[in-house]
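Within every chain, numbering begins at 1; the chains are lettered A, B, ... in the order of the sequence lines, protein sequences first and strands thereafter. Because the structure is a prediction, the values reported are computed rather than measured.
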Amino acid sequence: MTEVRALGAFLFRRKGLRAAVIPPIAVALLPALVAWFASGSEELMDNLGALGIYGALAGPMVLSAVLPFITLMVMLPLAVEPLEKGTAAYLLTRPLPRWKVVLGFFLGGTSAMAIPLLAGVLGPALVLLPASPEAGPMASRILGLGGVVLLGTLPYASLTLMVATVFRKPLLWALALVIAWGSVAGSITGPLRATSPHRYLHSLLREWCDVPNTWEGLGKSFSIPDLNPPGVALCLVVLLGSTALFLFLAWKGMQRRDIL
Amino acid sequence: MTAPPIRCRNLSRFYGEVQGLSGLNLEAGPGVIGLLGPNGSGKTTLMRLLCGLIQPSEGVAEIFGSPVGPGLRKVLGRIGYCPGEDIHFESERALDFLSLLASLAGESPASARKRGEEALAKVDLSDKAMHRMDTLSKGMRQRIKVAQALLFSPELLLLDEPLNGMDPVSRKALLDLIQEHARTGGTVLLASHVLHEVEAVTDQVVLLHHGRLLAEGKLPEIRSLIDQEPRRIVLHCRDGKEMVANLLKDDLVSGVEFTPDGRLVLETGELRPLLAHLQAIGEDGGIDQLEISDQNLESIFGLLVGAEA
C-alpha cells in the first residue's frame with residue numbers, strides 16, 4: 001500500500017495544508033461563533049447549559065452544515081481537478097491499479113478534511129469551556145462528536161469521490177447528493193430520511209452526545225426527532241457499508257472515466 | 001513471435017458526433033516512429049488510447065501484445081507517456097512531483113527521490129529540482145513532462161508534441177535522447193506537427209488526417225509515391241518563353257503558367273529530370289531563382305491530403 005499512502009500524502013499536502021486549508025477552517029469555526037453567542041444568552045444557558053449547547057446546538061450544526069460543506073470545499077476539488085484538468089493522466093499512466101488510485105484519493109481527501117473538522121469539533125468546546133462546570137462530561141461530548149464526525153467523513157468523502165468520477169457535472173450532483181439528499185433529507189421527517197447516511201449520524205449523535213430525540217422547541221432542542229431511531233450497530237453497518245459501496249462505484253467510474 | 005510494441009486493429013474513437021480516430025490499423029516499432037498530422041488529426045487521441053486514458057469506441061489497441069483495457073496495467077510499467085498539454089500540479093516542486101510518480105510504481109520514498117533526481121538529470125534540470133512548477137518557463141515545464149516519462153527508462157515512449165516551447169539546445173538534446181533510446185532497442189512514438197523535427201530523428205512515419213490513416217511507412221517510399229504526383233516549381237527567369245519551348249519539346253513539363261509578377265510556374269510529373277535540366281541551364285540560361293515548395297515533409301503531407309481530397 002506504499003502507493004496509496006504516497007498518493008494520499010501528496011493530495012493531503014495539496015488540499016489539507018498551506019493556504020488551501022484556511023477557507024474550510026473559517027467555515028468550520030462558525031459553530032464556535034454560534035456557541036459564543038449562545039453562551040451569552042441567559043435563556044439558553046438556563047435551558048441547556050454549556051454541555052447542552054455543545055451537544056444539542058453545536059453538534060447538529062457541525063454535523064449538518066460543517067461536515068457537508070467541508071466535504072464540498074475539500075474533497076470535491078481534490079477529486080475533480082485532476083480529472084478535469086487532465087493532471088490525472090500522470091497518475092493513471094503508472095502501473096497502479098485504479099482501485100489504489102481511488103483509495104489514495106480517499107485517504108488524501110479524508111486526511112485533508114480532518115484539520116477543518118477538528119476545528120469544527122474543538123472550536124465550540126473551547127468557547128464553552130469557561131462556562132462548563134465539569135471538564136469530564138465536556139471531554140466525553142467532544143469525543144462523541146469527534147467520533148460521529150469521523151464516521152460521517154467516510155460516507156461523505158466516498159460519495160463525493162464517486163460523484164467526481166461518475167458524473168459529468170460533479171458540482172451539481174454533489175450539491176444534490178451531499179446537501180439535499182445527505183444533510184437535508186437525512187435530517188427531516190420524510191421517505192428519504194431512512195436512505196440517507198445523515199439519519200444514522202444523527203442517531204449516533206443522540207447516543208454519544210446525549211442529544212434528546214424529542215422536539216421541545218428552539219430553546220431546548222435543535223434536531224427533528226426520529227420516531228424509529230436505528231441502534232448503534234445498524235448505524236455503523238450502514239455508514240461503513242455505504243462508504244464501501246460509494247468507493248466501489250468510484251472505482252467503476254474511474255475505470256470508465258476518460259481523461260481528456 | 002514477439003508482438004510489436006504497438007498494434008491497432010480497426011481502432012476508432014468518437015466524441016459524440018465528432019470523429020477522433022476512425023478505423024486505424026497499424027503496427028509500429030521498434031525504433032522511432034513519427035506520428036504526423038495537423039491539429040485535430042487524431043494524434044493525441046491515438047496517444048491517449050494507447051496508454052488507456054480513454055476507451056476506444058470500436059476496435060482494439062495492443063501494447064506489447066496486451067490489449068489496452070483492464071489488463072493494460074501490466075504493461076504500463078513499460079510505457080512512458082508525455083502528454084501534449086501544458087498541464088502540471090502547479091504548486092508542486094519538480095522533484096516532489098517526480099518522486100510521487102516514482103512512488104506510485106511502488107518505489108520506497110528514498111528510491112523514488114533518487115529516480116526523480118536521475119530523471120531531472122536526463123533533461124538537464126537538476127538545478128531546478130526544488131523549484132515550483134508554476135515558476136518554471138514553458139520549455140522547462142515541457143522538459144519536466146519528458147522527465148516523468150523517462151522515470152523508469154521505459155521500453156515504449158509515447159511523446160505527444162514534446163518539443164513544444166523548447167529552446168534549440170533542449171530540442172537537440174531531446175532529439176538525441178530519442179535517437180539513443182531507439183538505438184538501445186526502445187520504441188518511440190513521436191507526435192508532432194512540426195515536421196522537420198520528426199524528419200531529423202526518423203524516416204519511419206505515420207500520417208494521420210481527420211482521424212484517418214493517410215499514409216504509413218518509410219519516408220523515401222512515401223516520397224517516391226509523391227514523385228508520381230504532379231509537382232509545382234516556381235522560377236524567376238529572364239527569358240521564360242524560350243525555356244518553356246525547350247521543356248515542352250523534351251516533355252518535361254505538363255503545365256505552364258506565367259504569373260503577372262513575372263514568375264514562371266511549371267507543373268511536372270518528372271521532377272528529378274526536370275531539376276537536372278534546370279540545374280544544367282543554371283544562371284547562364286536566365287534562371288535567377290528556383291523555388292520548390294514540395295521538398296520537405298510538410299509539402300508531402302499537403303500533397304497526400306490534397307490527393308485524398
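- In this structure, OG1 on A:Thr93 lies 12.5 Å from CE on B:Met47, to the nearest 0.5 angstrom.
- Between chain A and the residues B:Leu158, B:Ile87, B:Leu104, the most heavy-atom pairs under 4.5 angstrom are made by B:Leu104.
- In this structure, B:Phe64 places its CZ atom where more than 12 heavy-atom neighbours from other residues, nucleotides or ligands lie under 6.0 Å away.
- For a heavy-atom cut-off of 4.5 Å, chain B lies close to A:Pro97, A:Arg98 in residues 97-107 of chain A.
- Contacts from residues 6-14 of chain A to chain B, taken as heavy-atom pairs separated by less than 4.5 Å, involve A:Ala6, A:Leu7, A:Phe10, A:Arg13, A:Arg14 in sequence order.
- Other residues, nucleotides and ligands contribute over 12 non-hydrogen atoms within 6.0 Å of the CH2 atom of A:Trp181.
- Of the listed residues B:Ala102, B:Pro83, B:Cys82, the one with more heavy-atom pairs under 4.5 angstrom with chain A than any other is B:Pro83.
- Counting heavy-atom pairs closer than 4.5 Å to chain A, the top residue among B:Glu92, B:Glu85, B:Arg78 is B:Glu92.
- No more than 12 heavy-atom neighbours from other residues, nucleotides or ligands sit within 6.0 angstrom of CZ on A:Phe37.
- One distance of note links OH of A:Tyr90 with CD1 of B:Ile144; it measures 9.5 Å at 0.5 Å rounding.
- The environment of B:His131 atom NE2 is dense: over 12 non-hydrogen atoms of other residues, nucleotides or ligands sit within 6.0 angstrom.
- Put simply, of A:Lys85, A:Arg94, A:Arg5, the one with the most heavy-atom pairs under 4.5 Å next to chain B is A:Arg94.
- One finds the OG1 atom of A:Thr87 at 10.5 Å from the NE2 atom of B:His88 (value rounded to the nearest 0.5 Å).
- A:Leu91 contributes atom CG, which lies 6.5 Å from atom CG of B:Leu100 (distance to the nearest 0.5 angstrom).
- Counting all heavy atoms, side chain and backbone alike, A:Leu92 lies closest to B:Leu53 at CB-CD2, 4.0 Å.
- Among A:Glu3, A:Glu81, A:Met1, A:Arg256, the residue making the largest number of heavy-atom pairs under 4.5 Å with chain B is A:Glu3.
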